[in-house]
Engineer: 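I'd like to ask you about the structure that follows.
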Amino acid sequence: MMDNRFTRLALLVVLVIASMLLLAACATPAAPAAPDDAAAEEAPAAPADAAAEEVVSSEYPEEMDAWLKEAKLGPYEESPQNWEEIEQAAKEEGAVVVYSASSRIAKVADAFMAVYPEIEVEYFDLGSVQTVEKTVLEQDAGLYNVDIVTTGGSGQVIHELVGNDRIVNFVPDTVADEIPIDLKDPLLVRINEAIVFLYNTETYDAPPISNVWELTTPEWKGKVVIKTPLESLSNLMGVSTLVQHADEMAAAYERFAGEPIELSEGVPDAGYEFLYRLLKNDLVILKSGSKVAEAAGLAGQEAPPIGITSFTYIRYNDSKDFVNGVIADLDPVQALIYPTYTSIARQAPHPNAAKLFTAFLLADPAIDADTVIEPPYNEGESAELLQGLAPYFEPGSQSPRMDVPLPRGGELWSQLESWTVDPDFMWFESPKVRDFWIQEAGN
Amino acid sequence: MFASLQKRGSDLNSLKFNLAKLRYRPNIILSILFLVVFSFLVIAPLLQIIYTSLTYQSNDLRLVRDATVGDFTLYHYFRVFTGRLSRALFYKPFVNSLVVGFGVTTMAMVLGTLLAWVIVRTDVPLKRFFGAVMVIPYMMPSWVIALAWLTIFQNGRVGGTPGMLTSMFGIIPPDWVSYGLFPIVICLGLHYYSYSFLLVSGALWTIDSQLEEAGAIAGLTKPAVLRKITFPIVIPALGSAFVLTFTRSMGTFGTPALLGLPVRFFTVPTQIFASISARNFGDGFVLALVLVVMAAVAIFINSKIIGSRKSFVTMKGKGFTSKPNRLGVWRYPIAGLILLFLLMAVALPVIILAWSTLMLLPGDYSLSNMTNHFWFGGSDFMIASGQEGIFRNPGIWGGVWNSVRLGISAAVINGFLGLLIGYTVVRTRGSKLSKSLEGMSFAPYVFPSIALGAIYLGMFAKPIGPIPALYGTFALLVLIVVVKNMPFSSRSGISAILQIDPSLEDAARIQGVPWFKGFRKVIFPLATSGFIAGMLLTFITAMRELSLLILLVTPKTRVLTTIIFAYQDQDQTQHANGVTLILLFIIVIANVLVSRFYGTKSVFGLSNT
């Protein structure tokens with residue numbers, strides 16, 4: 001574009017002007033340079049090696065500490081929590097701002113406002129990547145707009161948000177006893193979902209495979225469908241969790257082939273070897289999970305593929321012409337469980353409304369293991385009981401509360417052998433899994 | 001003493017004279033003003049992208065544990081260009097993008113130019129209708145055509161519902177027909193031909209047919225007239241069309257993602273999207289810079305070609321006639337061909353889209369599967385997670401209002417700015433200022449939208465000098481759409497002004513008319529056709545914008561595209577497609593209204609011909 005010295009000089013001048021303006025603007029998103037006001041100074045000052053450091057540090061930035069005290073959160077949390085007071089204060093706050101990875105949050109908002117008309121819910125459904133991104137960008141710019149951050153993406157949520165004090169854990173004590181420790185510490189889980197292997201129950205009388213390694217044989221060449229893990233955090237979590245359990249994968253291979261696995265050149269372990277062979281076996285990669293469910297489960301197919309996707313797509317068996325089944329007898333694993341967390345954002349402007357909203361997401365404390373919850377879940381008595389859980393109450397998902405029964409059609413959940421996504425492995429190892437995938441899928 | 005006073009007097013006079021000169025020729029002031037504003041709105045984000053690509057980000061700590069955030073590093077460049085991953089991450093996708101770019105550009109330009117010539121310069125029947133319908137593919141999100149392609153040509157590779165070709169005729173298309181390069185080029189070509197069509201027909205409108213007649217009288221054959229007279233006049237428009245189509249098709253994401261992924265056909269934008277989705281901004285921005293460089297190269301080539309020729313002035317303020325070329329016996333066969341083309345490129349995708357909103361279960365085309373629930377139905381929790389039908393859904397109507405508001409604001413601002421920039425660039429042509437301004441006004445085009453959105457979020461989250469914190473406001477949406485569309489409006493401004501003889505302005509100036517009045521009374525009316533076309537295009541683009549806005553919208557500023565995105569994300573296909581139809585409908589209405597008001601002057605209208 002520029003073809004002589006003068007032009008280059010002109011460009012240089014422009015660049016100088018621009019960089020001065022840029023410096024003036026200062027607050028640029030990914031720039032970790034210290035912002036100029038005290039409010040935001042602490043955020044980037046959080047040690048760069050925070051990732052390695054462990055969750056919730058004991059010393060908070062001054063401003064945040066004052067807010068924690070005022071909001072009765074973190075170290076200042078009351079025991080027992082005074083719910084009358086919280087509700088009263090929440091109504092005075094009059095609003096709650098929610099960043100969510102799920103668009104069903106709109107339904108939660110409607111239900112919440114029906115119960116608490118004094119509190120206006122402002123929700124943003126952003127997807128998991130942008131939920132984290134928006135929270136980080138705003139806080140780096142010294143903006144504290146959001147009250148509730150609810151998303152999946154274990155590695156980022158635990159290491160980048162909790163680890164840098166960007167969000168605070170809050171567990172309503174009304175149901176806390178019913179939630180297993182790993183689902184409320186370091187961060188409250190509001191719903192668990194799982195990646196499973198789907199097969200077509202019409203074409204196949206029984207699950208066509210019993211060992212995951214069968215998917216790497218010629219019989220299943222071009223006949224396995226997955227949603228791309230490069231753009232889907234839940235699928236990246238599923239795939240990474242397979243890699244994490246390399247030893248179990250190796251043992252399963254031996255049970256399948258009758259001999260120890262031989263790793264291909266440059267492949268470090270049996271977990272990666274499985275991905276490698278799956279990709280070499282002409283794995284079909286799609287953009288959307290429902291397309292995977294359709295590929296595997298649409299009725300009337302002669303030779304449908306196996307689909308690797310979320311358990312919840314089983315719900316289409318009712319509303320669409322799908323006949324998906326979950327492969328329940330699979331060596332070495334049948335479900336890869338990934339959580340959706342919920343948390344209160346640092347210096348949330350409406351902390352009490354956020355507490356109330358958190359409790360609402362976990363359903364009525366009155367529910368117990370014997371409660372019969374009849375569909376449809378979004379209306380009548382069921383809706384009143386399920387509260388903010390109602391839109392997520394469907395086969396293939398599980399409340400963190402042990403006293404909330406599984407949704408009808410999803411009872412299989414409790415019988416599946418599962419591995420749960422590990423935030424540390426996700427944070428440190430899944431980028432390698434991702435690189436491995438890019439390389440092997442692209443060559 | 002006296003002498004020095006006198007000297008000061010003459011200094012003052014010369015200053016006065018210079019000021020007076022500026023009053024009549026404010027090109028320089030305008031260029032500098034634009035350069036400063038652009039530096040801030042365009043170069044600052046560009047520097048931010050470069051800076052990010054050259055430093056460690058918090059995400060990189062996951063792979064490089066001993067790194068410090070913000071430290072200088074070439075890590076991302078090594079990863080993308082030389083590392084183990086480079087082949088899969090960059091080189092193969094880059095070659096694919098180039099092939100897609102050239103394939104689409106060739107197809108789109110041939111198609112767009114031919115159609116523009118036939119419709120503007122010949123006596124083909126149904127001109128008005130063709131002219132109005134021809135731009136519809138541009139109004140649709142590009143993935144609509146890809147969706148239609150899959151509906152017809154999908155083979156068994158991805159399982160699920162087979163395409164119509166298989167289900168109706170038992171023909172199983174091979175993979176290369178169903179997925180990958182071939183359908184990507186076809187679908188994008190059918191979408192982007194509108195650039196060439198609009199720009200070239202805009203230029204053709206201004207051609208005085210006396211020029212062509214002169215050629216004919218001088219003994220040139222019809223093809224020779226085309227080659228020697230018509231073609232050179234539309235060269236600037238063709239150049240613009242080339243630059244826009246090439247960079248846009250290299251940078252497009254939706255269609256390659258939909259059609260390429262099943263056969264692992266990756267392009268640079270799909271890799272950028274994947275990187276940014278994983279919050280790996282370093283890799284993403286290095287790849288984005290490749291697109292920026294490619295666009296710079298395209299502009300350079302364009303300016304070499306156009307710059308080495310004289311610009312072609314067709315509006316001289318003298319007699320003007322426009323007589324169509326006679327097609328003779330070919331009139332009806334050609335009209336038939338155009339009809340067939342429109343049926344494939346326009347009607348079919350729209351019908352498939354509309355039909356899909358009436359299907360209770362997607363992919364089942366039987367009559368028993370039809371329902372109007374997604375349009376008129378109340379909340380039923382067995383269907384679409386209890387979403388009300390589109391016409392009963394207040395959220396969707398809020399989105400309609402926001403989209404329209406955004407489209408109109410951006411169109412008006414872009415229209416005027418584009419014309420001013422066009423004027424400034426053309427009237428200072430040859431100078432370095434002109435070149436820098438032209439280059440800079442083009443830069444936003446090549447920013448990955450999602451990256452620009454993220455950067456603007458950061459830039460405008462806090463007040464900057466006199467500018468208040470714009471984050472969360474509607475104004476920020478307008479600003480970013482204006483910036484993102486600046487390349488197009490400045491291109492159309494440039495090609496509009498290129499055709500206006502400076503002597504017209506000189507005439508006004510000699511009579512003592514101030515510059516602004518001259519601009520308003522002389523340049524503006526002559527450039528109206530380009531101006532209106534540019535505004536309408538901005539309106540359309542603004543209405544369709546998604547990735548640019550997704551980070552910046554708030555519940556109160558939700559627009560139709562973010563609503564569509566949410567529905568698609570939740571697999572509520574019928575709602576998503578229904579809202580897409582509403583979007584399309586609004587754009588078509590705007591188009592009809594504009595052509596009503598502006599008659600022949602609008603390139604869309606082609607009425608009164």
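A, B, ... follow the sequence lines: proteins, then strands. Residue 1 opens every chain.
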Engineer: Heavy-atom pairs under 4.5 Å with chain B: which of A:K223, A:E394, A:E302, A:R434 has the most?
Structural biologist: A:R434
Engineer: If the condition is ring-ring contact (aromatic ring centres under 6.0 Å, His included), which residues does A:Y392 pass it with, not counting sequence neighbours?
Structural biologist: none
Engineer: At a heavy-atom distance under 4.5 Å, which candidate from A:I285, A:N200, A:V284 has the highest pair count against chain B?
Structural biologist: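 Highest number of pairs under 4.5 Å: A:I285.
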Engineer: Please list, chain by chain and in numerical order, all residues satisfying salt bridge (Lys or Arg N to Asp or Glu O under 4.0 Å) with A:K221, sequence neighbours excluded.
Structural biologist: none
Engineer: Answer with side chain, backbone, both or neither: which region of A:P431 has an atom nearer than 4.5 Å to a non-hydrogen atom of chain B?
Structural biologist: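 Contact with chain B: backbone and side chain both.
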Engineer: Measuring from B:L85:CG to A:D435:CG, what's the distance to the nearest 0.5 Å?
Structural biologist: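 It comes to 4.5 Å.
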Engineer: Between chain B and each of A:L230, A:L233, A:V292, A:L236, count heavy-atom pairs under 4.5 Å; write down the option with the most.
Structural biologist: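 That would be A:L230.
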Engineer: Side chain, backbone, both or neither: which part of B:L63 has a non-hydrogen atom closer than 4.5 Å to chain A?
Structural biologist: side chain
Engineer: Could you tell me which portion of A:I226 (side chain, backbone, both or neither) has an atom closer than 4.5 angstrom to a non-hydrogen atom of chain B?
Structural biologist: neither
Engineer: How close do B:A88 and A:G442 get, counting heavy atoms only, and between which atoms?
Structural biologist: CB-CA, 4.0 Å
Engineer: Go through the steps for B:R62 and A:E160 under the test side chain to side chain contact (heavy atoms under 4.5 Å, CB included), then give the verdict.
Structural biologist: CA-CA 11 Å; B:R62 301 166 71 176; A:E160 198 157 15; over 6 Å; no
Engineer: Checking side chain to side chain contact (heavy atoms under 4.5 Å, CB included) for the pair B:R264/A:L283: CA distance, chi angles, key distance, verdict?
Structural biologist: CA-CA 10 Å; B:R264 299 187 200 166; A:L283 176 70; 3.5 Å; yes
Engineer: At a heavy-atom separation under 4.5 Å, does B:T270 approach chain A through its side chain, its backbone, both, or neither?
Structural biologist: backbone
Engineer: Please look at B:R65 and chain A and tell me whether the side chain, the backbone, both or neither of the residue comes under 4.5 angstrom of a heavy atom of that chain.
Structural biologist: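 Only the side chain of B:R65 comes within 4.5 Å of chain A.
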Engineer: Find the distance between CG (B:L150) and NZ (A:K291) and round it off to the nearest 0.5 Å.
Structural biologist: 7.5 Å
Engineer: Using a cut-off of under 4.5 Å for heavy-atom pairs, which of A:K432, A:E440, A:E429, A:K134 has the most such pairs with chain B?
Structural biologist: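 The option with the most such pairs is A:K134.
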